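Reckoned from all heavy atoms, side chains included, excluding hydrogens, waters and symmetry mates. Only a predicted model underlies this, so the values are computations on that prediction, with no experimental measurement involved.
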Amino acid sequence: MKATVYVTIKENVLDPQGTAVQGALHSLGFNEVGKVRIGKYLELQLDTNDKNEAEARIKAMCEKLLANTVVEDYRFELEG
């Protein structure tokens, strides 16, 4: 089973990397770009076909390692 995990900075947390990318895009002439938020995208291959087990394991991985839940949100999708 494939898990796709998206980790993003919480909306109320400053995103200096996103601000830097926004500024760089503007300096390159892409002035139509508004707010930019930077996040992480992860793909994990799980050795299980049990969707409930996979959801629980991915959630535990996100809470313990993949996301800093103080300042980041996460969501995931399962395929297979």
Inset, instruction - Kindly work out whether a path of hydrophobic side-chain contacts (I/L/V/M/F/W/Y, heavy atoms less than 4.5 Å apart) joins Tyr41 to Phe76. - result: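 No, separate clusters.
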Inset, instruction - Establish whether Leu42 and Tyr6 are linked, either directly or via other cluster members, by ILVMFWY side-chain heavy-atom contacts under 4.5 Å. - result: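 They do not share one cluster, since no chain of ILVMFWY contacts under 4.5 Å joins Leu42 to Tyr6.
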Legend entry - Under-4.0 Å salt bridge between Glu11 and Lys35: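 Salt bridge flag = yes for Lys35 with Glu11.
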Inset, instruction - State whether Lys2 and Glu43 are salt-bridged, where the test is any N-O pair (Lys NZ or Arg NE/NH1/NH2 against Asp/Glu carboxylate O) under 4.0 Å. - result: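 Result for this pair is yes, salt bridge flagged.
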List the atom of [X], the atom of [Y], and the distance in Å for their closest heavy-atom pair.
{"X": "Met1", "Y": "Glu79", "value": "CG-O, 3.3 Å"}
{"X": "Val70", "Y": "Lys10", "value": "O-NZ, 3.7 Å"}
{"X": "Asn52", "Y": "Asp50", "value": "N-OD1, 3.0 Å"}

With heavy-atom distances below 4.5 Å as the criterion, would you say the side chains of [X] and [Y] are in contact?
{"X": "Val5", "Y": "Ile58", "result": "yes"}
{"X": "Thr19", "Y": "Gln17", "result": "no"}
{"X": "Asp15", "Y": "Ile38", "result": "yes"}
{"X": "Arg37", "Y": "Thr8", "result": "no"}
{"X": "Tyr74", "Y": "Thr69", "result": "yes"}

Within 6.0 Å of [atom1] in [X], more than 12 heavy atoms from elsewhere:
{"X": "Lys40", "atom1": "NZ", "answer": "yes"}
{"X": "Leu14", "atom1": "CG", "answer": "no"}
{"X": "Lys59", "atom1": "NZ", "answer": "no"}

Inset, instruction - Look up atom CG in Leu78 and atom CG in Asn49, then write down how far apart they are to the nearest 0.5 Å. - result: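 These two atoms lie 11.5 Å from each other.
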Inset, instruction - Could you tell me whether the side chains of Thr48 and Glu53 share a donor-acceptor contact shorter than 3.5 Å? - result: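 The criterion, which ignores hydrogens and geometry beyond distance, is satisfied for Glu53 and Thr48.
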Inset, instruction - Before giving the answer on side-chain contact (heavy atoms from CB on, under 4.5 Å), spell out for Arg57 and Leu46 the whole-Å C-alpha distance, their side-chain angles and the decisive distance to 0.1 Å. - result: CA-CA 9 Å; Arg57 299 294 287 167; Leu46 305 175; 5.7 Å; no
Legend entry - side chain to side chain contact (heavy atoms under 4.5 Å, CB included) partner of Asn68, the single match among Leu66, Val71, Leu65: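 That would be Val71; it is the only one of Leu66, Val71, Leu65 passing the side chain to side chain contact (heavy atoms under 4.5 Å, CB included) with Asn68.
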